[in-house]
Amino acid sequence: MKNWRIWLFILTLSIGCKKPYNPKVINSPRSYLIVEGTINTNDTTTIKLSRTVNLNASTTLNPVEGTIQVECDNGDKFGLFEVAPGIYKLAGITLDSTRKFRLRINTPGDGNEYLSDYEQAKAAPPIDSVGFSVTGKGIQLYANTHDPKNATHYYRFDYVETWRFHSMFNSSYVSNGTAVVPRSQDQLVYYCFASNASTSIILGSSAKLKQDFLFQAPITAIESTSEKIELKYSILLREYALTADAYKFWETLKKNTEQLGSIFDAEPTTLAGNIHNTHDATDIVVGFISAGTVAKKRIFIASEQLPSTYLPKYPYDCSIDSTFYNDPHSHANTVLQRLLAGAEVPVNAIFSNTSPNPIGFTASDIYCIDCTLRGSKQQPDFWK
């Protein structure tokens, strides 16, 4: 009983003495360069430049304008082109996978120059297979890979996923502003495609194994209620071979960004990247530039391969309303008031037994009808 009273006293003090904690880092005037990407010797090289933002900033994106070159240890240089703010690409060129490579980055906004260390290009072994297992909560996707030369040991993965989905209601009619008319084939907005790139850090290591082999390395999980797997889903998995130093960097970054939040997690660790400011050795640069080939494998998962109990949950609350040229209760033209005015979108026609023409239309919110608000009608070239 005495211990209980002591803990109650301490708890009371802690509650009564709470004060807002605003560490200086939240409003720090300094930002640091972030360099993301890999020098792909057999594929397009994409490098992203940005700067860190304060925790209380209104935006989370801070792209950086600059010039970037890939430099080979034999003296060859290849310039990257900016395709979007802060995104630079080198495409259509195959680099010598036996050489070492680095990045040279110039940021004219502040007059700084950055160099990454020369890194030996490493060849990623082919991905043996990409599969999935069914769980009570959904599906778990995994990868199997191995290096018969026993030379890789450290792996990183990322992916792009694409899925076909549909809107909640299939609208057969559309308002042209003056009348409700049947939709043409080009105006149908029921089926769409959506894509998403991985954001988590996916690593695998066989360093402690006798064989250089990864078995069912977890890639990502999809909930049974996700519309990603309602019709058909595809994932393009990419595999990169890492050096021990690169793996250590990514492992530390993963712990610092994804595994913090409770008193049982490891404390943040200083990131040791391989990119340096040539004018200021104290300047911190976040990133690690590796070089090498990338291995790819794509699979498709159809709804027929999954349990029938997997039911998608639509992201919006949707309901069907009825509109009439002559409302039975108010005698108002609710078609004019709601559909021609654009407040709702027509779905299907309502007919009576006395007239061949519609007396009104069912309707719903545009987010429940137009799939192009969340995707594209254009079928990808790779789609089966």
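In this structure the side chain of Ile289 reaches within 4.5 angstrom of the side chain of Val35, judged on heavy atoms. The closest side-chain heavy-atom distance from Val160 to Arg238 is below 4.5 Å. Ile369 has its side chain out of reach of Glu344: every pair of non-hydrogen atoms, C-beta onward, lies at least 4.5 Å apart. Looking at heavy atoms from C-beta onward, Phe169 lies out of side-chain contact with Val345 at the 4.5 angstrom threshold. Proximity of Glu119 to Phe288: side-chain heavy atoms (C-beta onward) are separated by under 4.5 Å at one or more points.
Residue Ser224 comes nearest to Ile229 through the heavy atom pair CA-CD1, 4.3 Å, listed as atom of the first residue, atom of the second, then distance. Between Pro108 and Gly66 the shortest heavy-atom distance is CD-CA, 3.8 Å. Across all their heavy atoms, Thr362 and Ile320 have their closest contact at CB-CG2, 3.9 Å. Ile202 and Pro218 make their closest contact through CG2-O, 3.6 Å (heavy atoms, listed as atom of the first residue, atom of the second, distance). Heavy-atom minimum distance, Tyr316 versus Tyr367: CD1-O, 3.9 Å.
In summary, Arg51 and Asp110 engage in a salt bridge, as defined by a charged side-chain N under 4.0 Å from a carboxylate O. The residues Asp43 and Lys296 are annotated as salt-bridged, a charged nitrogen and a carboxylate oxygen being separated by less than 4.0 angstrom.
One side chain, Asp212 or Tyr155, offers a donor N or O that lies under 3.5 Å from an acceptor on the other. Of the N and O atoms on the side chains of Thr41 and Thr293, not one donor lies less than 3.5 Å from an acceptor on the other residue. A donor-acceptor contact closer than 3.5 angstrom is absent between the side chains of Gln140 and Thr135. Side-chain contact check for Arg156 and Ser290: no donor-acceptor pair (N or O, by modelled atom type) lies under 3.5 Å. Side-chain contact, Asp117 with His276: a donor N or O sits under 3.5 Å from an acceptor N or O. Side-chain contact annotation: Ser129 with Asn144, donor-acceptor N/O pair under 3.5 Å present.
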Before giving the answer on side chain to side chain contact (heavy atoms under 4.5 Å, CB included), spell out for Arg183 and Ser172 the whole-Å C-alpha distance, their side-chain angles and the decisive distance to 0.1 Å. CA-CA 6 Å; Arg183 287 181 183 267; Ser172 302; 5.9 Å; no

Give the intermediate values and the outcome of side chain to side chain donor-acceptor pair (under 3.5 Å) for residues Thr220 and Tyr159. CA-CA 9 Å; Thr220 187; Tyr159 61 83; 3.3 Å; yes

Determine, stepwise, if the pair Asn74 / Asp96 fulfils side chain to side chain contact (heavy atoms under 4.5 Å, CB included). CA-CA 10 Å; Asn74 66 359; Asp96 187 348; 5.6 Å; no

Please test Leu141 against Tyr233 for side chain to side chain contact (heavy atoms under 4.5 Å, CB included), starting from the C-alpha separation and ending with a verdict. CA-CA 12 Å; Leu141 285 102; Tyr233 170 88; 4.1 Å; yes

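Within 6.0 Å of CZ on Phe300 lie more than 12 heavy atoms contributed by other residues, nucleotides or ligands. No more than 12 heavy atoms of other residues, nucleotides or ligands sit less than 6.0 Å from atom CD of Glu223. Environment of CD in Glu65: sparse, with no more than 12 heavy atoms of neighbouring residues, nucleotides or ligands closer than 6.0 Å.
A distance of 8.0 Å separates CG in Asp147 from OG in Ser206, rounded to the nearest 0.5 Å. Taken to the nearest 0.5 Å, the CH2 atom of Trp163 stands 10.5 Å off from the CD1 atom of Ile235.
Each of Arg374, Lys232, Lys313 was evaluated against Glu227; a single residue qualifies, Arg374, per the salt bridge (charged side-chain N to carboxylate O under 4.0 Å, His left out) test.
Relative orientation of the Phe213 and His146 rings is tilted, given thresholds of 30° and 60° on the angle between their planes.
Proximity of a side-chain donor or acceptor of Ser364 to a complementary backbone N or O of Ser319 within less than 3.5 Å is detected.
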